[in-house]
Amino acid sequence: MNIAVSGCGIAGTAVSHLLASAGYQVTIFEQASQCQAIGAGIMLQPSGQVVLDRLGILDTIARQAAKLEGIEAFLLSGRPLIELNYGHLGDNHFAYGVHRGLLFQQLMNLCNQSNVRLHTSTQVCNFRDDGNDVYVIDQHGTQHGPFDFLVAADGSRSRLRTAANLDSRTINYDYAAIWATGPCSQVHNRLHQVIDGTNRLVGLLPIGNGQCSFFWGLRADHYEGLVQHGLPAWKQEVVAMCEPAADLLDSINDFTEMTFAGYRHVSMRQWHTDKIVFLGDAAHPSSPHLGQGVNLALEDAACFADAIADTGTFQQAAVRYQTLRQRKVRYYQSLTRMLTPFFQSNVPLSATCRNIGLPWFPRVPWVRRRMLQTLSGLQNGWF
């Protein structure tokens with residue numbers, strides 16, 4: 001088979017290597033002039049670790065990552081809002097805080113080893129299905145191909161969703177985040193967050209080598225005003241809210257050194273057509289409040305590659321892939337959609353309900369276990 005992949009992100013590189021190592025000819029099309037990771041840190045949950053172990057790169061990543069024992073969140077007053085420890089699921093349960101660039105580089109190395117072809121500065125905007133083969137069409141109208149099928153791994157703003165004419169529903173969140181990476185000496189083995197109502201949210205995620213990934217939640221339409229107000233005033237606000245962020249913020253001299261990213265939620269009834277299949281954020285983006293995006297993308301890649309190996313045909317593989325994945329994905333998308341307003345919204349009452357109820361949930365053993373299974377990426381559905 002000759003396979004085209006649109007998007008050189010986590011899902012695109014993982015599936016490309018898996019398919020190429022199975023003997024297929026794979027070509028990645030990437031719109032950027034240079035393939036590189038966008039974003040700061042990620043939480044590599046046990047579910048994602050399984051896929052990376054299969055790929056043979058988990059140990060390499062673990063040596064440079066931060067081992068995370070749990071997560072914690074505090075209110076502005078200092079009152080604990082929630083604390084979850086992976087150890088309640090067993091001694092071998094933990095997450096890794098990983099710089100996205102480290103994971104991406106390891107996946108790119110695998111693609112190079114398996115002879116995946118790469119076309120940069122080529123944005124796949126459309127495709128043409130002639131009944132037998134599929135051709136990808138770039139931003140200049142140039143056709144590339146023929147290919148047996150196309151894998152859409154071009155992210156939450158996938159152009160191919162529209163081109164494929166698949167039913168989808170998109171919700172653009174009012175809230176976004178600023179991301180950065182830098183030194184942090186006070187947070188080591190857990191995700192640390194401080195929350196003020198539903199309007200301000202700050203977090204520090206250790207990612208190894210004395211570094212943390214920092215994020216600051218805000219309304220998307222407030223970003224320009226924040227920049228105009230000036231970096232020193234914003235830093236002062238953040239440090240007053242989360243003192244451990246001071247070292248990291250000292251290393252930042254301009255807003256351009258950070259990444260501003262919005263959120264969106266897209267639900268698709270079907271993730272494939274006769275010649276195209278959607279993986280990762282191209283199929284099911286959501287807000288990052290459960291931190292599952294990369295883990296779900298890795299699982300998608302492994303599941304689809306296995307489906308191709310088991311069935312030998314694209315149509316059967318695409319159906320099997322969605323059948324196996326949709327229950328878990330819908331669970332995480334639905335739960336994320338439900339939780340987001342309690343942390344970032346314009347409804348103050350949501351914070352009141354959250355502050356009253358959330359601290360009690362982990363005190364119930366069955367609920368705590370379900371929460372940890374969900375956090376670990378191990379929950380496959382509501383029941």
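Keep in mind that the numbers below use all heavy atoms, side chains included, and drop hydrogens, waters and symmetry copies. In this chain, residues are counted from 1 in sequence order.
- Side-chain contact of S376 with Q373: a donor-acceptor pair under 3.5 Å is absent, judged by distance alone.
- Here the side chain of Q270 pairs a donor or acceptor atom with the backbone of H272 at under 3.5 angstrom.
- With a 6.0 Å radius and a threshold of 12 heavy atoms from other residues, nucleotides or ligands, H229 has its NE2 atom at or below the threshold.
- The closest side-chain donor-acceptor pair between Y321 and Q316, if any, does not fall under 3.5 angstrom.
- By the 6.0 Å contact criterion, CG on N92 is open, its count of non-hydrogen atoms from other residues, nucleotides or ligands being 12 or less.
- No close placement of the Y86 and F94 rings is indicated, their centers lying 6.0 Å or farther apart.
- Under the 3.5 Å distance criterion, the side-chain polar atoms of Q333 are matched with a main-chain donor or acceptor of P285.
- Within a 6.0 Å sphere centred on CG of D254, heavy atoms belonging to other residues, nucleotides or ligands number more than 12.
- Linking Ile, Leu, Val, Met, Phe, Trp and Tyr residues whenever their side-chain heavy atoms come within less than 4.5 Å leaves L349 and L75 in two separate clusters.
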(message) Determine whether V136 and Q143 satisfy the following criterion, side-chain contact (heavy atoms from CB on, under 4.5 Å), listing intermediate values before the conclusion.
(response) CA-CA 6 Å; V136 300; Q143 288 192 159; over 6 Å; no
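- Environment of CD in Q139: crowded, with over 12 heavy atoms of neighbouring residues, nucleotides or ligands closer than 6.0 Å.
- Contact between M108 and C8 at its shortest, heavy atoms only, is SD-SG, 3.6 Å.
- Aromatic ring pairs are classed by plane angle as parallel below 30°, tilted from 30° to 60° and perpendicular above 60°; the pair Y173 and Y263 is perpendicular.
- When every heavy atom of G41 is checked against every heavy atom of S213, the shortest pair comes out as N-OG, 2.9 Å.
- The 12-atom threshold is exceeded at CG of D221, counting heavy atoms of other residues, nucleotides or ligands nearer than 6.0 Å.
- For D138 (side chain) and H140 (main-chain N/O), a donor-acceptor pair under 3.5 Å exists by modelled atom type.
- Aromatic pair F255/W234: ring centres closer than 6.0 Å.
- One finds the CD atom of Q292 at 11.5 Å from the OG atom of S287 (value rounded to the nearest 0.5 Å).
- Other residues, nucleotides and ligands contribute more than 12 heavy atoms inside 6.0 Å of the CZ atom of R370.
- Between R354 and F343, the closest side-chain pair of non-hydrogen atoms falls below 4.5 Å.
- No side-chain heavy atom of Y331 sits under 4.5 Å from any side-chain heavy atom of F383.
- For the pair V294/R100, a side-chain contact is recorded, criterion being any heavy-atom separation below 4.5 Å from C-beta on.
- Shortest non-hydrogen contact noted between S47 and G377 is CB-O, 3.3 Å.
- Between the side chain of Q49 and the main chain of L44, a donor-acceptor pair closer than 3.5 Å is present.
- There is a side-chain donor-acceptor pair under 3.5 Å between Q344 and H289.
- Residue L378 is not grouped with residue I71 when hydrophobic side chains (ILVMFWY) are merged at heavy-atom distances under 4.5 angstrom, including chains of intermediate members.
- Between the side chains of H265 and S286, no donor-acceptor pair of N or O atoms lies under 3.5 Å.
- Between L84 and M371, some side-chain heavy-atom pair lies under the 4.5 Å cut-off.
- Relative to the ring axis of F149, K275 does not place its NZ or CZ within 45° and under 6.0 Å from the centre.
- Counting all heavy atoms, side chain and backbone alike, C184 lies closest to P244 at SG-O, 3.6 Å.
- Taking OG of S350 as the start and CZ of F342 as the end, the distance is 5.5 Å to the nearest 0.5 Å.
- A donor-acceptor pair shorter than 3.5 Å can be found between the side chains of N109 and Q105.
- Heavy-atom contacts from other residues, nucleotides or ligands closer than 6.0 Å to CZ of R169 number 12 or fewer.
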(message) Test side chain to side chain donor-acceptor pair (under 3.5 Å) on N85 and R190; report intermediate values, then the result.
(response) CA-CA 9 Å; N85 295 304; R190 58 189 56 241; 3.0 Å; yes
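- Linking ILVMFWY residues whenever their side-chain heavy atoms come closer than 4.5 Å, directly or via other members, leaves L248 and V98 in distinct clusters.
- The cluster map of Ile, Leu, Val, Met, Phe, Trp and Tyr, joined by side-chain heavy atoms under 4.5 Å apart, puts I178 and L201 in different clusters.
- Remark: R54 engages D306 in a salt bridge, criterion side-chain N to carboxylate O under 4.0 Å.
- In this structure, Q322 contributes its side chain and W271 its backbone to a donor-acceptor pair below 3.5 Å.
- Residues S267 and H284 fail the side-chain proximity criterion, which asks for heavy atoms closer than 4.5 Å.
- Minimum interatomic distance between S158 and A282 (heavy atoms only, all atoms of both residues): CB-CB, 4.1 Å.
- Note that CG of L205 is 8.0 Å distant from CH2 of W179, once rounded to the nearest 0.5 Å.
- Separating the SG atom in C111 from the CG atom in L19 is a distance of 10.0 Å, to the nearest 0.5 Å.
- Here the side chains of L18 and L55 are in contact, with some heavy-atom distance below 4.5 Å.
- Using modelled atom types and a 3.5 Å distance limit, the side chains of N189 and E69 yield a donor-acceptor pair.
- Judged by distance alone, the side chain of Q123 and the main-chain N or O of A32 form no donor-acceptor pair under 3.5 Å.
- In this structure the side chain of F214 reaches within 4.5 angstrom of the side chain of V202, judged on heavy atoms.
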(message) L150 vs S6, test: side-chain contact (heavy atoms from CB on, under 4.5 Å). Steps then yes/no.
(response) CA-CA 7 Å; L150 168 61; S6 174; 4.3 Å; yes
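- A cation-pi arrangement is not found for R369 relative to W366, the charged atom failing to lie both closer than 6.0 Å to the ring centre and inside a 45° cone about the ring normal.
- For the pair W382/S334, a side-chain contact is recorded, criterion being any heavy-atom separation below 4.5 Å from C-beta on.
- Checked by atom type and distance alone, the side chain of T122 pairs as donor or acceptor with a backbone atom of T120 at under 3.5 Å.
- The CD atom of Q64 sits 11.5 Å away from the CG atom of L103 when rounded to the nearest 0.5 Å.
- For the pair Q45 (side chain) and L375 (backbone), a donor-acceptor distance under 3.5 Å is present.
- Residues V151 and I137 do not share a hydrophobic cluster, clusters being chains of Ile/Leu/Val/Met/Phe/Trp/Tyr side chains in contact below 4.5 Å.
- Screening V15, V5, I10 against L279 for a side chain to side chain contact (heavy atoms under 4.5 Å, CB included) leaves a single residue, V15.
- A salt bridge links D300 with R325: at least one charged nitrogen is closer than 4.0 Å to a carboxylate oxygen.
- A donor-acceptor pair shorter than 3.5 Å can be found between the side chains of S185 and D247.
- With a 6.0 Å radius and a threshold of 12 heavy atoms from other residues, nucleotides or ligands, R200 has its CZ atom above the threshold.
- Between the side chain of K235 and the backbone N or O of L249, at least one donor-acceptor pair lies under 3.5 Å.
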(message) Run N355 and L81 through side-chain contact (heavy atoms from CB on, under 4.5 Å) and show every step you take.
(response) CA-CA 7 Å; N355 296 346; L81 180 62; 3.7 Å; yes
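- Remark: R128 qualifies as a cation-pi partner of Y135 under the 6.0 Å distance and 45° angle criteria applied to the six-membered ring.
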(message) Run the side-chain contact (heavy atoms from CB on, under 4.5 Å) test on T340 and Y175 for me, step by step, so that the C-alpha distance in whole Å, both residues' side-chain angles and the decisive distance to 0.1 Å come before the verdict.
(response) CA-CA 10 Å; T340 295; Y175 281 78; over 6 Å; no
